[in-house]
Amino acid sequence: MNRIQTAPWKALFEQHVSTVDPPRFVLATTSTTFSEAANPTFSRTPGSIITGTQSVTPRCRTMIYRGFLASIPPNKHNPLQSHNPRGVFQSDALTFTTDSRMTKTGEILPPHASGGNAEVKTASGGIVEAMFWIPGDTSKGESIQNQWRLRGRCYLLAEEDADDVSEVTDALRQSMIPTGIEGEDKWSWKKEVQTHFGNLSPTMRGSFANPPPGAPISIPLSEMCEKKSGGGDKLVKGNYIGDDDVMSMDRLAATARRNMRVGVIIPEVVERLDLLADAGRAKRWIWWKVGEEEENVNEWKMEETWP
């Protein structure tokens, strides 16, 4: 059986998110370790990690939503906008970009230990939650006042090996529906990651070749390079990768692409809270995915609940 249902919440969610520029959301993860504010990879002293009983710690940060998987929003400034055939798949999986050296990378992946690692490439992660607040376009007098929470498993894609890790790509394929548009045989995961990189601003692209996030500025750059953070000798803040250099194989652009990851969240539970509904009485709906994954059946059920 190969039946994938288009998510019934998707159209309204897309409509709401389109009113927010940029479309920010809060990504919630968990960490099973306590650490200093610094990235543990670059802690100077062996005792910098707090010892004792292991605990689960909640972690949140603001992210930019980059569109649904295989449906990157068109960007006229992206030199790779036609890199992958467009429109050959639909998906309800959300995407974002992140630096592999950030602490969230470790929190997404088992055993959920806080700390970045540039050597972790395409991988399967744990359960995360994305929360969107949609106020509406106040410049047009439009008020939406909706909160969306999407909970599901997160995956990371790296340019280097995205086409080779079937454990990840097979799972992601279960959220993708072929549209019938030609080009499916020319579509690749590697190109998808590269297209995400091209869709970023020159400054954002360059940030992936900056010194490792969370590393103390007191640590010399040469010492960071020795720790193989993916930066080489191009570790300087304020890197800029222009459109002509997106696919360059020189050290700066290649380092930035090597450090960048595309995060993909496959929602399993979606909640919508409408604070304007029904003459001011808040309303709430929950959708959850049902079906047998091994048979590639993804269906959704919905229930309205008290807010």
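As the structure is a prediction and not an experimental result, all values here were calculated from the model.
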Could you tell me which non-hydrogen atom of [X] sits nearest to which non-hydrogen atom of [Y], and how far apart they are?
X	Y	value
V88	I181	CG1-O, 3.5 Å
I241	F197	CD1-CZ, 4.0 Å
L69	S91	O-CB, 3.4 Å
N239	G206	CB-O, 3.3 Å
L80	Q194	CD1-O, 3.2 Å
V168	L157	CG1-CD2, 4.0 Å

Side-chain contact, heavy-atom cut-off 4.5 Å: [X] with [Y]?
X	Y	answer
S124	R153	no
E142	T19	yes
Q147	D274	no
S31	H112	no
L94	L150	yes
H196	I72	yes
R281	K283	yes
N259	R101	yes

Distance from [X] atom [atom1] to [Y] atom [atom2], nearest 0.5 Å?
X	Y	atom1	atom2	answer
T305	I286	OG1	CD1	4.5 Å
K104	R261	NZ	CZ	12.0 Å
N199	T95	CG	OG1	9.5 Å
R151	E271	CZ	CD	5.5 Å
H83	T195	NE2	OG1	5.0 Å
T105	L156	OG1	CG	6.0 Å

task = Using side chain to side chain contact (heavy atoms under 4.5 Å, CB included) as the criterion, point out the one residue from W300, W148, W287, F13 that pairs with P267.
result =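 Exactly one option meets the side chain to side chain contact (heavy atoms under 4.5 Å, CB included) with P267, and it is W300.
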message = Give me each pair satisfying ring-ring contact (aromatic ring centres under 6.0 Å, His included) with a member in residues 167-188, each pair once, sequence neighbours excluded.
response =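 Residue pairs with at least one partner in residues 167-188: F89-W187, W187-W189.
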Presence of salt bridge, [Y] and [X], under 4.0 angstrom:
X	Y	value
R61	E107	yes
E304	R284	no
R205	D243	yes
K289	E268	no
R149	E129	yes

query = Going through the checks in order, is the side chain to side chain contact (heavy atoms under 4.5 Å, CB included) test met by T169 and Y155?
reply = CA-CA 9 Å; T169 56; Y155 300 82; over 6 Å; no
request  = Tell me, with the steps shown, if S175 and D92 meet side-chain hydrogen bond (donor to acceptor under 3.5 Å, both in side chains).
outcome  = CA-CA 6 Å; S175 74; D92 59 20; 4.7 Å; no
Indicate, with yes or no, if [Y] and [X] share a hydrophobic cluster defined by side-chain heavy-atom contacts under 4.5 Å among Ile, Leu, Val, Met, Phe, Trp and Tyr.
X	Y	answer
W133	I64	no
L200	M247	yes
F68	L27	yes
L109	V128	yes
I266	V17	no

query = Where do C154 and V264 land on the side chain to side chain contact (heavy atoms under 4.5 Å, CB included) test, with the steps shown first?
reply = CA-CA 6 Å; C154 189; V264 185; over 6 Å; no
ask   = Just by distance, with hydrogens left out, do R86 and S71 show a side-chain donor and acceptor under 3.5 Å apart?
value =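 Side-chain D/A pair, R86 to S71: absent.
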inquiry  = Determine whether Y65 and F132 satisfy the following criterion, ring-ring contact (aromatic ring centres under 6.0 Å, His included), listing intermediate values before the conclusion.
reply    = CA-CA 9 Å; Y65 166 65; F132 293 75; 5.7 Å; yes
ask   = Do other residues, nucleotides or ligands put more than 12 heavy atoms under 6.0 Å from D244 CG?
value =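 Atom CG in D244 is not crowded, with 12 or fewer foreign heavy atoms closer than 6.0 Å.
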request  = Could you tell me whether K190 atom NZ has more than 12 heavy atoms of other residues or ligands within 6.0 Å of it?
outcome  =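 Atom NZ in K190 is not crowded, with 12 or fewer foreign heavy atoms closer than 6.0 Å.
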Polar side-chain atom of [X] near backbone of [Y] as donor-acceptor pair, under 3.5 Å:
X	Y	answer
T32	V56	no
D250	A253	yes
N84	S188	yes
S248	D245	no

key: Verdict with supporting geometry, Y240 and S201, side chain to side chain contact (heavy atoms under 4.5 Å, CB included)   = CA-CA 9 Å; Y240 181 100; S201 69; over 6 Å; no
query = How far apart are the C-alpha atoms of E184 and M176, what are their side-chain angles, what is the distance that settles it, and do they pass the side chain to side chain contact (heavy atoms under 4.5 Å, CB included) test?
reply = CA-CA 12 Å; E184 187 175 345; M176 300 165 65; over 6 Å; no
